[in-house]
**Student:** 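My structure is below; once you've seen it, I'll send some questions.
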Amino acid sequence: MLQMLLVSNLLLWENVYSMSVCFDMEEYNEIPIEELFDSVIFTAQYISNLTTQLSEEFDTKFAHSLIYKAKNSSTCHTTSLATPASIEKIQQTQSDILVKMMISISRAWYHPLKQLVRAVATLEGTCETLLLKVKEVEETNQDILEELKAILVRVHPGAEENFYPAWMGLADVRSTDEDTRLFAISNLLQCLASDTDKIANYLEVLKCRIIQNNNC
């Protein structure tokens, strides 16, 4: 019964959200660039913390089915993006490239997050709180993507977005084998936590460079 309610709520959320998403560049152009940075940084840091919590909560709740996890190597679908890891490398990366990297990361999570929401909704033993958090991350990722696009237009007019890597993990997330499915979800959440943390860190460096002229 709980699973039926969660799926029913999910369908309702999707219908409401699909009607409300609209990227209005003129609206973003009216916002001072510093306020735009403050807004997206606050959101990115919040989502970074939330995804870390989600990953830990999921692994704790389903630890009985993830005991073999340490024996398996896994990679994230965004690893094909050559993103800087150290603070020195981040600071050496050009501003337009840094923004386009963040956009690529955010866009790369569009389909995985949709499938992640559905997978969690239909997972036996899940709770509504966990599902609400995953849904919040999915919706907020779209907000961050829109704000990043606005920043790119404001800071580097005419710059074109980069490609974003395709996600090939749908079969595992939908697998009828419970261990395979749980491991796929767990891996997605870990990758998501890592990528949201990257965006939050990149934004801090970018704001320091553009708004405060490196006086940070």
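Each residue takes its place number in the sequence, starting with 1.
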**Student:** Looking at every non-hydrogen atom in both residues, tell me the closest pair between Arg209 and Gln92 and how far apart they are.
**Tutor:** NH2-N, 4.5 Å
**Student:** Side chains of His156 and Ile151: closer than 4.5 Å at any heavy-atom pair?
**Tutor:** no
**Student:** How far does CD of Gln94 sit from CG of Leu206, to the nearest 0.5 angstrom?
**Tutor:** 12.0 Å
**Student:** Test side chain to side chain contact (heavy atoms under 4.5 Å, CB included) on Glu147 and Phe37 and set out the steps.
**Tutor:** CA-CA 8 Å; Glu147 290 183 306; Phe37 265 104; over 6 Å; no
**Student:** Spell out, as yes or no, whether a donor-acceptor pair under 3.5 Å connects the side chain of Arg174 to the backbone of Gly169.
**Tutor:** no
**Student:** Counting C-beta onward and ignoring hydrogens, is there a side-chain heavy-atom pair between Leu36 and Ile33 closer than 4.5 Å?
**Tutor:** yes
**Student:** Do Gln115 and His111 have side chains that get closer than 4.5 Å, going by heavy atoms?
**Tutor:** no
**Student:** Heavy atoms, side chains only, cut-off 4.5 Å: are Gln142 and Tyr110 in contact?
**Tutor:** yes
**Student:** Can you confirm whether Leu189 sits close enough to Asp59 that some side-chain heavy atom of one is under 4.5 Å from a side-chain heavy atom of the other?
**Tutor:** no
**Student:** Looking at Leu148 and Val99, what are the two nearest heavy atoms and their distance?
**Tutor:** O-CG1, 3.7 Å
**Student:** Roughly how far apart are Ile41 CD1 and Ile211 CD1, rounded to 0.5 Å?
**Tutor:** 8.5 Å
**Student:** Taking all non-hydrogen atoms of both residues into account, name the closest pair between Glu124 and Phe62 and its distance.
**Tutor:** O-CE2, 3.7 Å
**Student:** Taking atom types as modelled and ignoring hydrogens, do the side chains of Asp172 and Thr180 form a donor-acceptor contact shorter than 3.5 angstrom?
**Tutor:** no
**Student:** Is there a path of hydrophobic side-chain contacts, each under 4.5 Å between heavy atoms of I/L/V/M/F/W/Y residues, joining Tyr164 to Val153?
**Tutor:** no
**Student:** Please confirm whether the backbone N or O of Ser48 pairs with a side-chain atom of Thr51, one donor and one acceptor, at under 3.5 Å?
**Tutor:** yes
**Student:** Short question: side chain of Thr122, backbone of Arg118 - any donor-acceptor pair under 3.5 Å?
**Tutor:** yes
**Student:** Check for a donor-acceptor pair, side chain of Thr43 on one end and backbone N or O of Ser39 on the other, with a separation under 3.5 Å.
**Tutor:** yes
**Student:** Under 4.5 Å between any side-chain heavy atoms of Leu132 and Glu128, yes or no?
**Tutor:** yes
**Student:** Are there more than 12 heavy atoms of other residues, nucleotides or ligands under 6.0 Å from atom CZ of Phe163?
**Tutor:** yes
**Student:** Carefully, step by step, assess Val173 and Leu116 under the rule side chain to side chain contact (heavy atoms under 4.5 Å, CB included).
**Tutor:** CA-CA 8 Å; Val173 169; Leu116 186 60; 5.9 Å; no
**Student:** Verify, without hydrogens or angle tests, whether Thr79 (side chain) and Thr75 (backbone) share a donor-acceptor contact under 3.5 angstrom.
**Tutor:** no
**Student:** Out of Asp195, Thr196, Asn141, which residue meets the side-chain hydrogen bond (donor to acceptor under 3.5 Å, both in side chains) rule with Trp109?
**Tutor:** Asp195
**Student:** At their closest point, which heavy atom of Lys198 faces which heavy atom of Ile105, and how far apart are they?
**Tutor:** CD-CD1, 4.4 Å
**Student:** Enter the distance from Leu130:CG to Leu123:CG here, rounded to the nearest 0.5 Å.
**Tutor:** 8.5 Å
**Student:** Is the backbone N or O of Gln190 less than 3.5 Å from a side-chain atom of Ser194, with the two atoms forming a donor-acceptor pair by type?
**Tutor:** no
**Student:** Please give me the minimum heavy-atom distance between Pro84 and Met101, naming the atom from each residue.
**Tutor:** CD-SD, 3.4 Å
**Student:** Charged N to carboxylate O below 4.0 Å: is that the case for Lys133 and Glu136?
**Tutor:** no
**Student:** Looking at Asp197 and Ala193, would you say the former's side chain and the latter's main chain have a donor-acceptor pair under 3.5 Å?
**Tutor:** no
**Student:** Would you call the rings of Phe42 and Tyr46 parallel, tilted or perpendicular, where under 30° means parallel and over 60° means perpendicular?
**Tutor:** parallel
**Student:** So how far is it from Ile31 CD1 to Asp38 CG, rounded to the nearest 0.5 Å?
**Tutor:** 11.0 Å
**Student:** Look only at the side chain of His77 and the backbone of Ala108, and say whether a donor-acceptor pair between them is shorter than 3.5 Å.
**Tutor:** yes
**Student:** According to disulfide (SG to SG under 2.5 Å), does anything in residues 134-194 pair up with another residue at least two apart or in another chain? List the pairs.
**Tutor:** Cys76-Cys191
**Student:** Return yes if some donor-acceptor pair links the side-chain N/O of Arg181 with the main-chain N/O of Ser175 below 3.5 Å, else return no.
**Tutor:** yes
**Student:** Of all the heavy-atom pairs spanning Leu152 and Asp96, show the shortest one and how long it is.
**Tutor:** CD1-O, 4.3 Å
